[in-house]
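First the structure, in the form of structure tokens, and then the observations on it.
Proteins come first, then strands; the chains are lettered A, B, ... in the order of their sequence lines, and each starts at number 1. What you see is a predicted model, and the numbers here were worked out from it, not measured in a lab. Quick note: numbers below take in every heavy atom, side chains included, and nothing from hydrogens, waters or symmetry partners.
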Amino acid sequence: MPGRTEIVKLLAEQPIGSEVKVMGWVRSFRARRFLVLNDGSCFQNLQVVVDFERFDEELLRKIQFHACVAVTGKLVESEGKGQDIEVLAEQIELLGACPADAYPLQPKRMTMEFLRENAHFRMRTNTLNAVFRVRHGLAYAVHKYFHDNGFYYLHSPIITASDAEGAGEMFHVTTFDLAHVPKTEEGEVDWKQDFFHRPTNLTVSGQLEAEVGALALGKVYTFGPTFRAENSNTTRHLAEFWMIEPEMAFFDIHDNQDLAEDFVKYLIRFALEHYPDELAFLDQRIRNEEKNMPKEKRRPMGLIEMLEFVLAHDFERITYTEAIDILRKSKDFKKGRFQFEPAWGADLQAEHERYLVEKKFRKPVIVRDYPAEIKAFYMRQNDDGKTVAAMDVLFPYIGEVIGGSQREERLDRLQARMRQMGVPEEELWWYLDLRRFGGCPHSGFGLGFERMVQFVTGMGNIRDVIPFPRTPGNAEF
RNA sequence: GCCUCCAUAGCUCAGUUGGUUAGAGCGGCGGACUGUUAAUCCGUAGGUCCCAGGUUCGAGUCCUGGUGGGGGCGCCA
């Protein structure tokens, strides 16, 4: 727009005395004199001083919460406290009215549940605004980290034919008219007539394809949407989420752990450096929220304090066997505070993970070398004959943020595992070929992007860190 | 999928052992005031108490069944 300046630029350069034109949405209009605008260019607002005697009454009446206006005026030093500069309005143009008697949002505290039902408006609130700024920053940092460290961004397919990854229930992809599905003479679905001439699904993981890339480009990563048709109803599951999956040739499980720790610390550091205003706001928001809670329910640390704490300490690294041992020796177990008994061979329950992270070590923990029975077929079998080189990175509040492993590169071992677990070898012929032709030791992991955003922003529900959450029974927007 | 809690004004909530006309704050609308920072003050409108049954002289309140939502667990990232 001719002559329009972004608020971020005005606040940074503060061109006192110059004539400026700003456009933005009304955050508040106090005393019919103080108009606060936000244009999305930064988290801060710009105050506009309106000499209301000079403006049309009809126009002033329409300057309501979240209406959109263009203001021309002189930029001056602010007379009041709370802001350095302000604009003395000479012209005000209403770009888009926002009738307050019909608009669902209000300049007051609203619940996250209410805002979810108004997902098309919720990004206009300070909280969601801050969250999505940080989300963007983290996405950018993912690419920057990997690029700077010699990784190649690999676009793994969204539609896949393999249904053998064991990562969960899948969404089917078809062009069939579901009311008239073609059948074979035997009465079964005739997939040969479908678009791909075979059954296909939305991807649940790009890992197998990433391995293809790693064995050619050395270090690759995927970063794309991932779909799980599981009926999961929790604050940390989505049916559609974004996953980051680095895969590295010549990395063993220890290199894998080093990378995971360095990577997530980089992301946290990036957010702290580039989004201090947003994080300060989110930090304060949590404090306000917890003000009326009993002390034992509050977070032991503030948001920023916790992020800095995570950066300042090495992640604890233990084996699954050690984890079980710690849990069985714990006071919580002896006093019967666990609902599930920690026992070698059983998966760690959420309560066990929380004990390790929040009570025992009080920092992120990486658990590795899990029993083979509870992990996927492609994980590398350890020499003990019982465990595989798997690793989970556990964070406070959100639990597992990363799951990964060293991959089984030995063809005979891999095939034995597949037969044992009923994974069809024919379908994964190309995956097995990676072991037949020029195979090498390699490792990788998957990071749930939304869980990372959750951790950095301190948001309690994963549905509030993705613009349009898909969960069982919900795909409205 | 299992367990649990919740549903009262536009929003956030209160509503006593079942008892007359359903309450507050914020927001809306009308007005006053003006260098404010969630401005303040006065006035005013606004309710199918989620839906359908049932118990009762009487149900926002108790019971049953739905629907919608929150939280916990499982599955996982």
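By the 5.5 Å and 30° criteria, Phe241(A) is stacked with the base of A77(B).
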Contact list (N/O, under 3.5 angstrom) for nucleotides 68-70 of chain B vs protein:
unit_1: G70(B); atom_1: OP1; unit_2: Arg116(A); atom_2: NH1; d: 3.2
unit_1: G70(B); atom_1: OP1; unit_2: Arg463(A); atom_2: NH1; d: 2.8

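The side chain of Met110(A) lies closest to C11(B), out of C11(B), A77(B), C33(B). Each of A39(B), G1(B), A77(B) was ranked by its minimum atom distance to the side chain of Arg228(A); first place goes to A77(B). Closest to the side chain of Gln106(A), from the set C76(B), G10(B), C29(B), is G10(B). The side chain of Gln64(A) has C29(B) as its nearest neighbour among U36(B), C29(B), C11(B). Ranking C11(B), A77(B), C76(B) by closeness to the Asp347(A) side chain, first place goes to C76(B).
Within 4.0 Å (heavy atoms only), Phe65(A) reaches no atom of the nucleic acid at all.
Rounded to a whole angstrom, the distance from the C1' atom of G69(B) to that of U44(B) is 33 Å. The same atom, P, is picked in U67(B) and in A9(B); the two are 22 Å apart, to the nearest Å. For G10(B) and A45(B), the C1' atoms lie 13 Å apart once the distance is rounded to whole Å.
Contact annotation: Arg236(A) reaches the phosphate of C73(B) (side-chain N/O to OP1 or OP2, under 4.0 Å). For the pair Ser232(A) and C75(B), the criterion of a side-chain N or O lying under 4.0 Å from OP1 or OP2 is not met. Residue Gln47(A) has no polar side-chain atom (N or O) positioned under 4.0 Å from OP1 or OP2 of U37(B).
The residue among Leu447(A) and Ala31(A) whose nearest nucleotide of RNA chain B is located toward the 5' end is Ala31(A). Heavy-atom distances to RNA chain B give each of Val49(A) and Thr234(A) a nearest nucleotide, and the one nearer the 5′ end belongs to Val49(A).
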Go ahead and write out RNA chain B as dot-bracket, 5' to 3': ( ) for pairs within the strand, [ ] for ones crossing earlier pairs, | when the partner sits on another strand, dots for unpaired; Watson-Crick or G-U wobble, both distances under 3.5 Å. (((((((..((((.....[...)))).(((((.......))))).....(((((..]....))))))))))))....
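By the side-chain hydrogen bond (donor to acceptor under 3.5 Å, both in side chains) test, His120(A) pairs with no residue at all, sequence neighbours left out. Scanning for side chain to side chain contact (heavy atoms under 4.5 Å, CB included) contacts around Glu6(A) gives Arg4(A), Val8(A), Asp39(A), Ser41(A), with sequence neighbours left out.
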Step by step, work out the salt bridge (charged side-chain N to carboxylate O under 4.0 Å, His left out) result for Arg354(A) and Glu351(A). CA-CA 5 Å; Arg354(A) 268 203 307 278; Glu351(A) 60 180 354; 5.9 Å; no
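Of the residues in residues 279-289 of chain A, none has a non-hydrogen atom less than 4.0 angstrom from any atom of RNA chain B. Shown for residues 78-85 of chain A: residues whose heavy atoms fall under 4.0 angstrom of RNA chain B, namely Ser78(A), Glu79(A), Gly80(A), Lys81(A), Gln83(A).
Within 6.0 Å of CD on Glu77(A) lie no more than 12 heavy atoms contributed by other residues, nucleotides or ligands.
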